[in-house]
Amino acid sequence: MKKNKLSCKDDNEGGFFLLVSKLLLPTLREVPAEAEVVSHQLLVRAGFIRKSAAGVYTLLPLAWRVVKKIENIIREEMDSRDGQEIMMPIIQPAELWQESGRWDVYGPELFRFKDRHGRDFCLGPTHEEIITDLVRGEVRSYKQLPLLLYQIQNKYRDERRPRFGLMRGREFIMKDLYSFDRDEDGLEITYQKMFDAYTRIFSRCGLRFRPVEADSGAIGGSDTHEFMVLAESGEAVVVYCPSDSCGYAANDEKAESPVEIEVGQQDQRPLSRVETPGTRTVEQVTEFLGISPKKLIKTIFYQTEKGLVAALVRGDRDINEVKLKKEVGSLELELANPQRVEEVTGSSVGFVGPIGIKDTLLVVDQEVAGLVNAVAGANQVDNHLVDINPGRDFSLDRTADIRLVKAGDPCPLCGKALLEARGIEVGQVFKLGTKYSSALNAVYSDQNGQELPIVMGCYGIGVTRTMAASIEQNNDENGIVWPVSIAPYQVVVIPVNIKNIDQQTMASRVYNKLLATGIEAVMDDRDERPGVKFKDADLVGYPVRVTVGGKAVSSGMLEVSIRKKGDIEMIAEDEIVRMISDFINKESS
RNA sequence: CGGGAUGUAGCGCAGUUUGGCUAGCGCGCCUGCCUUGGGAGCAGGAGGCCGGGGGUUCGAAUCCCUCCAUCCCGACCA
């Protein structure tokens, strides 16, 4: 065995593997074909992750270090707000899920399996059932509340479509904290505490993000905010008010906007039918009739487990399916197929309207309800009805806000035109209320000896997703640009020519000084040409690079470059540790 | 789950249309020489159930059937 000639810490003393020659850091020159988004490409190319199955990855040493750094930031913020860390099982018995009612409603996303005795289990996608079961057994008195428990754990969701590497995996690491309070006031305090903690956590991780109002979805509950990392590759759309003093921001699934009211009262004219040959789209109809899309009623049919639903929005609007689903109270909601539409309307898509359809629940958007002398399909091919008046010509029994808010719509708080952006959801805070405590009978006795359901909240952070989101925001054409706070290592030391004894000695000396100061550094001791090591350093994204070449040996001045800035500074050897620690302290404060 | 695409060496790809000898190229890997400030050069070498199964054929990476996997676009979620 050739012994490495460098005199720095290696596995022989202290168990450290800080030499790049010994690190499992398989960088690739070419972009992997299956990676689409930049975080996925760079994670694979820079040697951070490898795929095991769709949506399932091994985290290699550097990725694992980043994850641990993010986790530790989370731990500090949770612990300082009275969170207590526990570890709950991944394997969960079906009985608990049946008790909460979610075994039947969670659907195919739940990884289900049987043990050898044929008993049903699942891999935990979330832990409300387990934690509520724990707490109902252990908490009896108001004196034990509030109680905040959290864990950082693998979670499993058999996603319809795993995507974008770590962004949407089927196995992923998540922090989830569950809060247990005596009442709504207590929950409000805890919710605010967690909201603040999340703001701290994502700031400390060096992310540009925005908390937005959101829909609570399958988990249930009332108030909820999502923390969105702003990035083009984000799967969510958020709308927000340009005014800082207003601050309104919401997921587009949740966003609201004031009803637009037509100015100038008109008299209701009698309903009549006109021929509109070949006009199936909003554009075609409005052009043919010479009207604004705002006068058109768009009728969209949805199939739900509760039957067929016809949703009505104005021609210039889109339907917000989340709002519609909520209004109908259905679990399943998808566009009805054309044949089904023909059965109910006697017509075909493009000429359907709300008048004269049977066996269908009519849900009318507020804006449609306010229209006068509007236009819609006549349920007869090549025909439309004009001068339709909602309420007179069809029922307004189910009128609701079911439209999708978009950029340019007025802010519901201050009226300014809203803006739109894409975001990656890295965290969400929920007020659950008593949904799970009631279902699972988690109760406590108050001062008067009265039994009350515990009031719950839950607060999640996608840890592995946060790592990916950080790369989405922090990269350039050469690779990753880690924020110091979560970088796998803070510094890489590169001797230009490893066979030059003077460079080697100087590099080792500097490297050991950095380690002695507690700075996390690696030494690229590989016998590679300098270009290879520079390229890899940029790709991996170390915040600081120290280069030791011939000039350094002769002048005593080392080259320090900051990845984020890209420029090079010459620093005297005596100054280098102080300079780098100053930089690290400044960046991570 | 619907729509589209792709599976050939560790990675990136060609070859498939029109079946034909021993399946190619670049990168990476191993050995040696040489080189050392932005992914060098020369020489030699290893590495393939051409996604699986079935069929057609004298003969299949190539044609047909079928299954599987992966990726992308739409409905769910941290």
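- Annotation: cation-pi pair A:R210/A:Y240 present, NZ/CZ under 6.0 Å from the ring centroid and within 45° of its normal.
- Straight-line distance between the P atoms of B:G7 and B:A61: roughly 16 Å, to the nearest whole Å.
- In this structure, the nucleotide among B:C76, B:U36, B:A78 sitting nearest to the side chain of A:K325 is B:C76.
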Give the C-alpha distance, both sets of side-chain angles, the deciding distance and a yes or no for side chain to side chain contact (heavy atoms under 4.5 Å, CB included) between A:F209 and A:T199.
-> CA-CA 9 Å; A:F209 66 97; A:T199 303; 4.0 Å; yes

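- Contact of the A:L207 side chain with the A:T466 side chain is registered, since non-hydrogen atoms from C-beta on lie closer than 4.5 Å.
- With A:K175 as the fixed residue, the side chain to side chain contact (heavy atoms under 4.5 Å, CB included) test singles out one of A:I70, A:I152, A:I201: A:I152.
- Taking atom C1' on both nucleotides, B:U57 is separated from B:C11 by 36 Å, rounded to a whole Å.
- Taking the side chain of A:P32 as heavy atoms from C-beta on, and the options B:C72, B:C77, B:G12, the nearest nucleotide is B:G12.
- Atom P of B:C27 sits at a distance of 31 Å from the matching atom of B:U70, rounded to the whole Å.
- Taking atom C1' in both B:C58 and B:G19, one finds a spacing of 12 Å when rounded to whole Å.
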For nucleotides 27-34 of chain B, which of its nitrogen or oxygen atoms have a protein nitrogen or oxygen under 3.5 Å away, and what is each distance?
from, atom 1, to, atom 2, distance (Å)
B:G28, OP1, A:R29, NH2, 2.8

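- Nucleotide B:G19 forms a pair with no other nucleotide shown, judged by Watson-Crick or G-U wobble geometry with both contacts under 3.5 Å.
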Carefully, step by step, assess A:R563 and A:W482 under the rule side chain to side chain contact (heavy atoms under 4.5 Å, CB included).
-> CA-CA 8 Å; A:R563 179 71 176 85; A:W482 289 111; over 6 Å; no

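- Using the Watson-Crick or G-U wobble rule with both distances under 3.5 Å, B:G37 pairs with nothing in any strand shown.
- Base contact: A:G169 has a heavy atom under 4.0 Å from a base atom.
- Using the six-membered ring where Trp is involved, A:H40 and A:Y57 have ring planes that are perpendicular, over 60° apart on the 30 and 60° scheme.
- Using a 4.0 Å cut-off between a side-chain N of Lys or Arg and a carboxylate O of Asp or Glu, A:R526 and A:D536 qualify as a salt bridge.
- Protein atom CD1 of A:I201 is 16 Å distant from nucleotide atom P of B:A78, rounded to whole Å.
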Provide a list of protein-nucleic acid N or O atom pairs under 3.5 angstrom, restricted to nucleotides 68-70 of chain B.
from, atom 1, to, atom 2, distance (Å)
B:U70, OP1, A:A54, N, 3.0
B:U70, O3', A:K51, NZ, 2.9
B:U70, O2', A:E34, OE1, 3.3

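- If you take atom P in B:A14 and the same atom in B:U6, they sit 10 Å apart, rounded to whole Å.
- At a cut-off of 3.5 angstrom, the base of B:A75 holds at least one donor-acceptor pair with the side chain of A:R160.
- The number of heavy atoms from other shown groups lying within 6.0 Å of NZ (A:K564) does not exceed 12.
- Residue A:R163 places none of its side-chain N or O atoms closer than 4.0 Å to OP1 or OP2 of B:A75.
- Salt-bridge formation is detected for the pair A:K298/A:D318: a Lys NZ or Arg NE/NH1/NH2 atom is positioned less than 4.0 Å from an Asp or Glu carboxylate oxygen.
- Among B:A78, B:G37, B:C72, the nucleotide with an atom closest to any side-chain atom of A:F164 is B:C72.
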Going by atom type alone, with no hydrogens or angles, which donor-acceptor pairs under 3.5 Å involve a side-chain atom of residues 539-547 of chain A and a protein atom two or more places apart or on another chain?
from, atom 1, to, atom 2, distance (Å)
A:R545, NE, A:T547, OG1, 3.3

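- In this structure, A:F534 does not count as stacked on the base of B:G39 under the 5.5 Å centre distance and 30° plane angle limits.
- Closest to the A:E159 side chain, of the nucleotides B:A78, B:G39, B:A75, is B:A78.
- A:R545 comes within 4.0 angstrom of a base, heavy atoms only.
- Figure legend. B:G44 is base-paired to B:C30; pairs are counted as Watson-Crick or G-U wobble with both atom distances under 3.5 Å.
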Stepwise salt bridge (Lys or Arg N to Asp or Glu O under 4.0 Å) check, A:D252 with A:K254 = CA-CA 5 Å; A:D252 73 339; A:K254 164 80 177 179; over 6 Å; no

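- Across the C1' atoms, B:C71 and B:G48 are found 23 Å apart, a figure rounded to whole Å.
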Donor-acceptor pairs are to be reported for all side-chain atoms of residues 29-36 of chain A against protein atoms at under 3.5 Å, with residues two or more places apart or in another chain.
from, atom 1, to, atom 2, distance (Å)
A:E34, OE1, A:K51, NZ, 2.9
A:E34, OE2, A:K51, NZ, 2.9

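- Relative ring orientation between A:W97 and A:Y106 is described as perpendicular, the plane-to-plane angle rising above 60° on a 0-90° scale split at 30° and 60°.
- How far OH of A:Y178 is from CG of A:L134: 12.0 Å, rounded to the nearest 0.5 Å.
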Return the polar atom pairs (N/O with N/O) between nucleotides 2-6 of chain B and the protein under 3.5 Å, or none.
none

All N/O pairs under 3.5 Å across the protein-nucleotides 48-53 of chain B interface:
none

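- A:Y156 and A:D158 form no side-chain donor-acceptor contact under 3.5 Å, judged by distance and modelled atom types alone.
- Side-chain atoms of A:R529 lie closest to B:A40 of the nucleotides B:C76, B:C72, B:A40.
- Within 4.0 Å (heavy atoms only), A:V463 reaches no atom of the nucleic acid at all.
- Residue A:G427 is classed as a sugar-phosphate contact, given heavy-atom separations below 4.0 Å to backbone atoms only.
- Going from the C1' atom of B:G20 to that of B:U62 covers 11 Å, rounded to whole Å.
- Within the nucleic acid shown, A:F172 comes within 4.0 Å of at least one base atom, counting heavy atoms only.
- As a whole-Å value, the separation of A:I501 CD1 from B:U36 P is 17 Å.
- The residue A:E334 sits apart from the nucleic acid: no heavy atom pair falls under 4.0 Å.
- If you check B:C71 for Watson-Crick or wobble pairing at under 3.5 angstrom, you find it paired to B:G4.
- Interatomic distance, A:R170 CZ to A:S52 OG, rounded to the nearest 0.5 Å: 9.5 Å.
- If you check every strand for non-hydrogen atoms under 4.0 Å, A:G462 touches a base.
- Note: A:F195 and A:Y191 have tilted aromatic rings, judged against thresholds of 30 and 60 degrees for the angle between ring planes.
- Backbone-only engagement by A:V426 is indicated by non-hydrogen atom pairs under 4.0 Å involving sugar-phosphate atoms exclusively.
- For the C1' atoms, the distance from B:C42 to B:U16 is 36 Å, rounded to whole Å.
- Atoms CZ (A:R50) and P (B:C11) sit 9 Å apart, rounded to a whole Å.
- At a threshold of 4.0 angstrom between heavy atoms, the contacts of A:R526 with the nucleic acid are absent.
- Nucleotide B:G12 forms a pair with B:C25, judged by Watson-Crick or G-U wobble geometry with both contacts under 3.5 Å.
- In this structure, A:D527 reaches the bases: a heavy-atom distance under 4.0 Å links it to at least one base atom across the strands shown.
- With respect to A:E343 and A:R340, a salt bridge is recorded, a charged nitrogen being found less than 4.0 Å from a carboxylate O.
- With hydrogens and angles ignored, a donor-acceptor pair under 3.5 angstrom links the side chain of A:D536 to the base of B:G39.
- Considering only side-chain atoms of A:A33, the nucleotide from B:C13, B:G39, B:G37 that sits closest is B:C13.
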